[in-house]
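Values below: every heavy atom of this structure, side chains too, minus hydrogens, waters and symmetry copies.
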Amino acid sequence: MKIIGIFLLLFFGFISMCGQADVVTVDNLRVWQAPDHTRLVFDVSGPLEHRLFTLKDPDRIVIDMENASFQGAVPAPDANNPILASVRTGARGESDLRVVLDLKTETRPRTFILKPYEQYGHRLVVDLYDTKLPVEEEKPVSVLPPAPKPIKQDLVIAIDAGHGGEDPGAIGRKRTREKDVVLAIARELHKLINATPGMRAFLVRDGDYYISLRDRIENARKYDPDAFVSIHADALPGKRRQVRGASVYALSEKGATKEAALLAKQENAADLIGGVSLNSRDDILTKVLVEMSQTGTMSSSVELGTDILTELRRIGPVHIGDVGQANFGVLRSHRIPSVLIETAFISNPEEEKKLRDKNFQRKIAKGILNGLQRAAPRLLARRGLPTTVSNRAADKPNEL
């Protein structure tokens with residue numbers, strides 16, 4: 001009998017330990033504000049079961065997490081956040097966690113779980129959309145030739161600062177974040193282009209928030225641009241930290257070098273970090289590549305990249321002498337010549353220091369501008385506009 005008692009004691013002790021091991025801790029909460037929504041990211045210690053529902057009078061959202069506890073600090077949302085007023089946490093029953101989101105307006109929530117990926121662990125993501133904003137349904141990509149563009153006299157450039165929000169991009173030894181320096185370069189380029197007669201620019205990302213690769217393309221199309229420029233900063237691990245120089249890439253469905261293919265895989269991982277996958281739409285990708293081939297967009301992208309690379313050579317070393325090509329998700333636009341620019345290696349301590357310098361950021365921006373001006377006659381010709389108009393950007397590239 002004594003042996004049975006000891007056995008039962010050990011058995012229930014083991015069960016108790018297993019139950020304790022199953023408790024999920026919420027270690028941190030981050031809040032990101034984008035133009036059309038607010039994102040909350042909960043870092044959790046493991047897989048999590050949760051339930052979300054909304055309440056009225058006042059508007060709020062309740063998230064119940066099973067067998068969980070909150071260990072991190074609860075951040076106060078920005079006072080200017082148009083959706084989120086405050087975040088409250090508390091126990092629900094003996095083991096569950098309840099999180100209450102107090103809202104400033106009626107909200108349409110979306111929630112999903114992200115599995116671990118590289119430096120990221122398990123995450124619960126909650127996106128809050130203002131119900132007053134229209135919902136855009138995803139439209140299938142047509143394989144028919146695009147409709148003629150309305151005649152406009154300015155050369156319009158879409159500037160995409162890579163990464164953002166939950167996705168910091170590459171990080172240098174001095175903790176310089178790619179998302180910050182490329183946004184600074186993008187803003188400088190935006191300013192320079194809009195100060196140039198015959199040219200206009202807009203920013204796809206103008207703040208610290210996440211945008212999926214597909215949404216970057218769709219946001220650019222709204223402005224009917226003549227070219228799409230995605231700005232990044234490269235990185236290599238370990239002993240290859242002395243590698244340096246700028247490089248420029250265009251889209252290719254096949255035939256990428258090993259290095260270009262690896263870089264494309266790293267850049268496309270932004271969607272794994274943010275919670276969507278562009279690669280899951282292989283049917284649409286095939287149609288996009290067919291149409292790009294039919295309209296000459298891929299070859300135009302390589303020509304644009306060559307012009308930009310020529311100007312970047314005047315600033316400093318280049319990592320790759322020719323325009324590289326690989327399957328970059330952010331360049332999959334079937335109508336717009338598009339390039340991805342790796343401005344420098346943030347993993348190189350010397351270039352990391354340069355990337356933080358405003359003068360260097362301006363030099364890179366001016367180099368990209370000069371490359372766009374070189375390409376202006378061809379980009380204008382794609383729209384059937386004159387390529388030799390006085391005061392037009394194509395007349396003469398700016399001097400550095």
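Proximity of a side-chain donor or acceptor of Y210 to a complementary backbone N or O of W32 within less than 3.5 Å is not detected. Remark: side-chain polar atoms of R216 are paired, donor with acceptor, to backbone N or O of A161 under 3.5 angstrom. Looking only at distances, a side-chain donor or acceptor of Q325 sits under 3.5 Å from a matching main-chain atom of L251. Counting only distance, with no hydrogens or angles, the side chain of D234 and the backbone of A344 share no donor-acceptor pair below 3.5 Å. T131 places a side-chain N or O within donor-acceptor distance of the main-chain N or O of E106, the cut-off being under 3.5 Å. With T343 contributing its side chain and H232 its backbone, the two residues share a donor-acceptor pair below 3.5 Å. Between the side chain of D226 and the backbone N or O of V156 there is at least one donor-acceptor pair closer than 3.5 Å.
Side-chain contact check for L340 versus E342: some heavy-atom pair is nearer than 4.5 Å. In this structure the side chain of S69 never reaches within 4.5 angstrom of the side chain of L97, judged on heavy atoms. Side chains of L369 and L189 form a contact here, defined as non-hydrogen atoms less than 4.5 Å apart. Within the 4.5 Å cutoff, the side chain of D180 has no heavy atoms near those of the T176 side chain. In this structure, T105 and D59 have side chains that are not in contact, with every pair of non-hydrogen atoms separated by 4.5 Å or more. H37 places none of its side-chain heavy atoms less than 4.5 Å from the side chain of R110. Counting heavy atoms from C-beta outward, M65 and V26 have side chains that approach closer than 4.5 Å. Contact annotation: the side chain of N327 approaches that of R332 to within less than 4.5 Å [non-hydrogen atoms, C-beta and beyond].
Ion pairing of E311 with R374 is present here, as a side-chain N (NZ or NE/NH1/NH2) and a carboxylate O approach within less than 4.0 Å. Taking a cutoff of 4.0 Å between a charged side-chain nitrogen and a carboxylate oxygen, E66 and R51 do not qualify as a salt bridge. Using a 4.0 Å cut-off between charged side-chain N and carboxylate O, R335 and D224 make no salt bridge. Here R173 does not pair with E352 in a salt bridge; the nearest charged N to carboxylate O distance is not below 4.0 Å. Under 4.0 Å is where a charged nitrogen must lie from a carboxylate oxygen, and between E218 and R221 at least one such pair does.
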*Evaluate side-chain contact (heavy atoms from CB on, under 4.5 Å) for L372 paired with L304, printing each intermediate quantity in order.*
CA-CA 7 Å; L372 289 165; L304 170 62; 3.8 Å; yes
*Please lay out, stage by stage, how I193 and I159 fare under the test side-chain contact (heavy atoms from CB on, under 4.5 Å).*
CA-CA 10 Å; I193 289 177; I159 307 170; 4.1 Å; yes
*Could you give me the CA-CA distance, side-chain angles and deciding distance for L312 and I364, then say whether side-chain contact (heavy atoms from CB on, under 4.5 Å) is met?*
CA-CA 7 Å; L312 292 178; I364 291 291; 4.3 Å; yes
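Interatomic distance, L213 CG to F328 CZ, rounded to the nearest 0.5 Å: 11.5 Å. The distance from the OG1 atom of T89 to the CZ atom of R98 is 12.0 Å, given to the nearest 0.5 Å. Atom CG in L203 sits 8.5 Å away from atom CD1 in I231 (nearest 0.5 Å). The line from OG1 of T107 to CG of D130 is 6.5 Å long, rounded to the nearest 0.5 Å. Rounding to the nearest 0.5 Å gives a distance of 9.0 Å between NZ of K353 and CG of D357. A distance of 10.5 Å separates CZ of R356 from CZ of R177, quoted to the nearest 0.5 Å.
Between Y223 and F202, the two ring planes are parallel [angle under 30°; tilted spans 30° to 60°].
The hydrophobic cluster containing L183 does not contain I185, counting ILVMFWY residues as joined when their side-chain heavy atoms lie under 4.5 angstrom apart, directly or transitively. There is no path of hydrophobic side-chain contacts, each under 4.5 Å, that joins Y129 to V62. Linking Ile, Leu, Val, Met, Phe, Trp and Tyr residues whenever their side-chain heavy atoms come within less than 4.5 Å leaves V323 and L379 in two separate clusters.
In terms of heavy atoms, I217 sits closest to G329 at CD1-O, 3.5 Å. Minimum interatomic distance between S301 and P337 (heavy atoms only, all atoms of both residues): OG-CA, 3.3 Å. The heavy-atom pair separating V339 from I308 by the smallest distance is CG2-CD1, 3.9 Å. Considering every non-hydrogen atom in both P317 and E351, the closest pair reads CG-OE2, 4.5 Å. Minimum interatomic distance between A68 and L48 (heavy atoms only, all atoms of both residues): CB-CD1, 4.1 Å. Here the closest non-hydrogen pair linking H163 and R205 is O-NE, 2.9 Å.
K179 pairs with exactly one of D160, D167, D208 by the salt bridge (charged side-chain N to carboxylate O under 4.0 Å, His left out) rule, that one being D208. The side-chain contact (heavy atoms from CB on, under 4.5 Å) with F112 is formed by just one residue from the set L124, D127, V126; it is D127.
Looking at residues two or more places apart in sequence or on another chain, you find a side-chain hydrogen bond (donor to acceptor under 3.5 Å, both in side chains) between D102 and S86, R88.
Within a 6.0 Å radius of CZ in R244, other residues, nucleotides and ligands contribute 12 heavy atoms or fewer.
No side-chain donor from either of T25 and Q71 sits under 3.5 Å from a side-chain acceptor of the other. Between R382 and S300, the side chains place a donor N or O and an acceptor N or O closer than 3.5 Å (distance only, hydrogens not considered).
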